[in-house]
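First comes the structure, then the notes that go with it.
Small disclaimer: the values here were computed from a predicted structure and weren't measured.
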Amino acid sequence: KTTIAPDVLLTIARLSALAVPGVARMEPVPGGVDRLFKRGVHDGVRIAVKDLSVTVDLYLVLERDRNVRDVSRAVQAAVARAIQEMVGMDVLAVNIHIEDVAFPEQEAQ
């Protein structure tokens with residue numbers, strides 16, 4: 001039997017998303033009370049596992065002058081592929097939430 005800690009899925013999703021060109025950084029997961037009881041909310045990743053299948057929500061800040069749809073699709077493909085290849089779990093959905101666009105003034109602050 002192999003057991004995988006939830007933090008492993010969070011790390012795979014976060015690093016896979018950050019590796020995609022156009023992703024500036026992750027943004028903390030917005031939310032109310034349930035946010036306090038979920039793992040990964042500060043990493044910009046929310047993972048739900050049901051019946052050995054994974055649903056991922058990613059909260060991203062993109063670089064300026066990037067096509068939002070192209071970057072989002074690339075992130076979805078990269079994260080789904082990484083989880084399927086590394087862990088062997090099915091990925092039901094990778095939901096992308098664009099929280100902001102990084103401009104030089106914001107990066108300096």
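Annotation for Val71 and Pro21: closest pair CG2-O, 3.9 Å, computed over non-hydrogen atoms. For Gly44 against Met26, the heavy-atom pair with the smallest separation is O-CE, 3.4 Å.
You'll find the side chain of Asp57 stays beyond 4.5 Å of the side chain of Val29, heavy atoms only. Leu60 is not listed as a side-chain neighbour of Glu27, based on a closest heavy-atom distance of 4.5 Å or more. Contact of the Thr55 side chain with the Ile47 side chain is not registered, since no non-hydrogen atoms from C-beta on lie closer than 4.5 Å.
Side chain of Asn67 to backbone of Arg69: a donor-acceptor contact under 3.5 angstrom is found.
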### Task
Just do the side-chain contact (heavy atoms from CB on, under 4.5 Å) check on Leu62 and Val23 with the steps written out, would you?
CA-CA 5 Å; Leu62 300 186; Val23 176; 4.2 Å; yes

### Task
Please step through side-chain contact (heavy atoms from CB on, under 4.5 Å) for the pair Val91 and Ser53, ending with a clear verdict.
CA-CA 6 Å; Val91 178; Ser53 296; over 6 Å; no

### Query
Under the side-chain contact (heavy atoms from CB on, under 4.5 Å) criterion, do Val56 and Leu58 qualify, and how do the steps go?
CA-CA 6 Å; Val56 182; Leu58 298 168; 3.8 Å; yes

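Applying the salt bridge (charged side-chain N to carboxylate O under 4.0 Å, His left out) criterion to Arg73, with sequence neighbours excluded, gives no partner residue.
Cluster annotation: Ile12 is connected to Ile4 through the hydrophobic network of ILVMFWY side chains, with a link wherever side-chain heavy atoms come within less than 4.5 Å. Put simply, Val20 and Leu15 are part of two different groups of oily side chains (I, L, V, M, F, W, Y) that touch within less than 4.5 Å, one to the next. Leu92 and Leu9 fall into different hydrophobic clusters, where Ile, Leu, Val, Met, Phe, Trp and Tyr side chains are chained together by heavy-atom contacts under 4.5 Å.
More than 12 heavy atoms of other residues, nucleotides or ligands sit less than 6.0 Å from atom CE of Met89.
Sorted by first and then second residue, the ring pair (Phe, Tyr, Trp, His ring centres under 6.0 Å) pairs with a member in residues 59-81 read Tyr59-His97; sequence neighbours excluded.
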Using residues 74-84 as the side-chain source, report each donor-acceptor pair under 3.5 Å to any protein atom, sequence neighbours left out, with the distance given to one decimal.
residue, atom, partner, partner atom, Å
Gln76, NE2, Val94, O, 2.8

